[in-house]
A.B. asks: 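Sharing a structure below in structure tokens format, with a few things to ask.
These numbers come from the heavy atoms of this one structure, side chains and all, not from hydrogens, waters or symmetry mates.
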Amino acid sequence: MIHIFLSDKAYENDVFQIVRMFYPGEEVKLSEEVIYPIEACMGEVSDSIEKTGKTVEAREVRERLRDVADEQDGLERLSVSFEADRIRILVLFRTGRKLYRTVAVRFSQETKSKYKNSLKRLLYGILSEATGKELPWGILTGIRPTKLVFQMLEDELSEEEIYHNMETEFLCSREKISTSIQIAKRERRLMQEIDYQNGYSLYIGIPFCPSTCLYCSFTSYSIEKFSDYVEAYLKALEKEIIYGATVFPDKKLTCVYFGGGTPTTLSAEQLDWLLGCVKKHFDFTYVKEFCVEAGRPDSITKEKLLVLKKWGVNRISINPQSMQQKTLDLIGRKHTVEQIKEAFALARATGHDNINMDMIIGLPGEETSDVSDTLAQIRELNPDSLTVHTLAIKRAARLNIEREIYIGMRPTDVHSMQEATVKFAKENDYLPYYLYRQKNMADNLENIGYARDCKEGLYNILIMEELQTILALGAGGLTKYVSHHPHYIVREDNVKSVTEYITRIDELIERKRKFFKEQRDCYFR
């Protein structure tokens with residue numbers, strides 16, 4: 001366990017995320033003591049120190065730190081002091097080795113961002129020195145690194161200036177900066193074709209799946225166990241759809257995305273009714289993309305694929321995650337590799353000409369050779385786009401809850417797996433078009449979408465770069481209101497529970513109604 005002492009807990013999240021990137025898998029704990037032991041540990045004071053309004057005997061500090069160290073060999077303790085004109089960091093090792101760094105930076109309300117980035121660079125430097133590691137994304141811990149580059153392009157900065165800013169301010173590698181620039185340029189070109197500021201997109205969540213995957217933390221419920229709730233869920237969703245169609249009478253609908261869960265766990269008849277309901281109530285005149293996640297091949301039938309075509313769905317996703325049967329069995333996907341191939345062929349045969357496939361690198365028990373074989377099999381199918389996810393172990397996922405079971409199956413070289421996907425994309429005419437990151441990602445990498453020209457997922461760009469308002473309906477839906485003038489983003493979420501969504505639908509609609517009224521009132525204020 002790594003113990004952290006902070007003189008100001010306002011920076012707790014920033015410190016925790018940097019520490020976890022350097023020490024993945026380690027438990028990190030913030031000390032409950034309202035003390036700051038740098039002086040005591042360095043021997044800079046004699047009898048006492050005073051921090052955060054509490055005086056503590058230096059001898060007591062040393063004893064407490066020694067007790068922490070004795071809990072387990074080889075664990076580091078980190079102390080951070082936030083002061084008006086500087087930040088100081090001390091790292092102590094069980095062996096007695098110490099690393100100490102300080103940076104002069106003045107805090108004010110106007111310089112909060114500069115102060116925080118100085119903290120993160122200082123912490124990065126000392127942990128990089130301690131571990132010998134360099135992180136490809138530097139101090140960036142947010143999920144949208146390309147959003148920064150997109151804005152720099154909008155501000156007409158040159159590539160040279162972007163490289164300089166990303167290297168000096170965020171310590172990003174040139175490789176990641178290059179990828180970010182390439183993606184941001186492509187996004188910018190695509191967005192110039194869309195009046196995204198005066199439009200909105202629609203997300204509809206179907207929270208049912210054939211089974212729950214080992215790594216999954218999304219809102220998803222077994223269709224087998226929750227089949228009795230499906231009709232009631234759809235009736236509640238119909239209410240929200242009817243309301244949702246009234247929210248933006250003066251905005252054009254840009255994209256419609258059915259996610260979950262797995263929407264194709266619904267029967268062909270239920271899908272037909274639901275898609276017809278959405279088409280009945282929303283104006284599709286200006287819709288650029290109508291996408292449905294058909295992610296699980298064991299949920300796909302010819303009848304469902306024909307229903308999707310009937311209602312104008314122009315993009316679907318069939319997601320193997322891996323083409324290794326041993327992996328599919330381990331992670332709880334109740335289908336075979338052969339079913340993936342059959343579902344893909346069936347989608348092509350029914351006229352679907354824009355098919356994405358998802359895969360995950362870093363899955364338990366896989367090696368780079370497994371990833372290379374998965375890519376070779378995907379090449380034979382020849383999808384129109386490929387989304388490569390790096391495994392991120394979420395708190396609510398079984399892979400985290402039952403982590404002791406899988407501890408010996410952790411991949412050892414996720415970076416080489418990613419290199420294989422990059423090489424595959426280049427050799428098969430797939431260009432990167434969107435990118436995002438998550439907490440606890442293997443090797444501090446990213447998720448990246450590749451697509452051939454004119455096959456990009458527009459909704460992915462809009463939501464990841466937070467360029468447009470997303471109206472989200474259904475259990476677990478997160479509505480995101482994006483104001484451009486002035487610029488701000490606010491969110492309103494639906495409950496995740498299927499049963500609560502059904503019983504509380506009127507309350508949820510009223511909550512949304514109040515939420516959007518507040519945004520309109522703010523706009524006209």
A.B. asks: Is a donor from one side chain sitting under 3.5 angstrom from an acceptor on the other, for Asn319 and Arg333?
C.D. replies: no
A.B. asks: Do the side chains of Leu386 and Thr421 get nearer than 4.5 Å, heavy atoms only?
C.D. replies: no
A.B. asks: Hey, are the side chains of Val278 and Ile241 touching, using non-hydrogen atoms and a 4.5 Å cut-off?
C.D. replies: yes
A.B. asks: Does the structure place the NZ or CZ of Arg452 under 6.0 Å from the centre of the six-membered ring of Tyr430, at an angle of no more than 45° from the ring's axis?
C.D. replies: yes
A.B. asks: Could you tell me if the side chain of Lys176 sits less than 4.5 Å from the side chain of Met166, heavy atoms only?
C.D. replies: no
A.B. asks: Going by atom types only, do Lys120 and Gln17 share a side-chain donor-acceptor pair under 3.5 Å?
C.D. replies: no
A.B. asks: Has Arg188 got its NZ or CZ under 6.0 Å from the middle of the six-membered ring of Phe150, at an angle within 45 degrees of the ring axis?
C.D. replies: no
A.B. asks: Verify the ring-centre separation between Tyr233 and Phe208: is it less than 6.0 angstrom?
C.D. replies: yes
A.B. asks: Over 60° means perpendicular and under 30° means parallel, so tell me whether Tyr436 and His389 are parallel, tilted or perpendicular.
C.D. replies: perpendicular
A.B. asks: Please tell me whether Tyr257 and Glu289 have a donor and an acceptor in their side chains that are separated by less than 3.5 angstrom.
C.D. replies: no
A.B. asks: Is there side-chain contact between Thr336 and Leu328, with heavy atoms separated by less than 4.5 Å?
C.D. replies: no
A.B. asks: Are any non-hydrogen side-chain atoms of Tyr203 and Ile463 less than 4.5 angstrom apart?
C.D. replies: no
A.B. asks: On the six-membered ring of Tyr286, is Lys252 placed so that its NZ or CZ lies under 6.0 angstrom from the centre and within 45° of the ring axis?
C.D. replies: yes
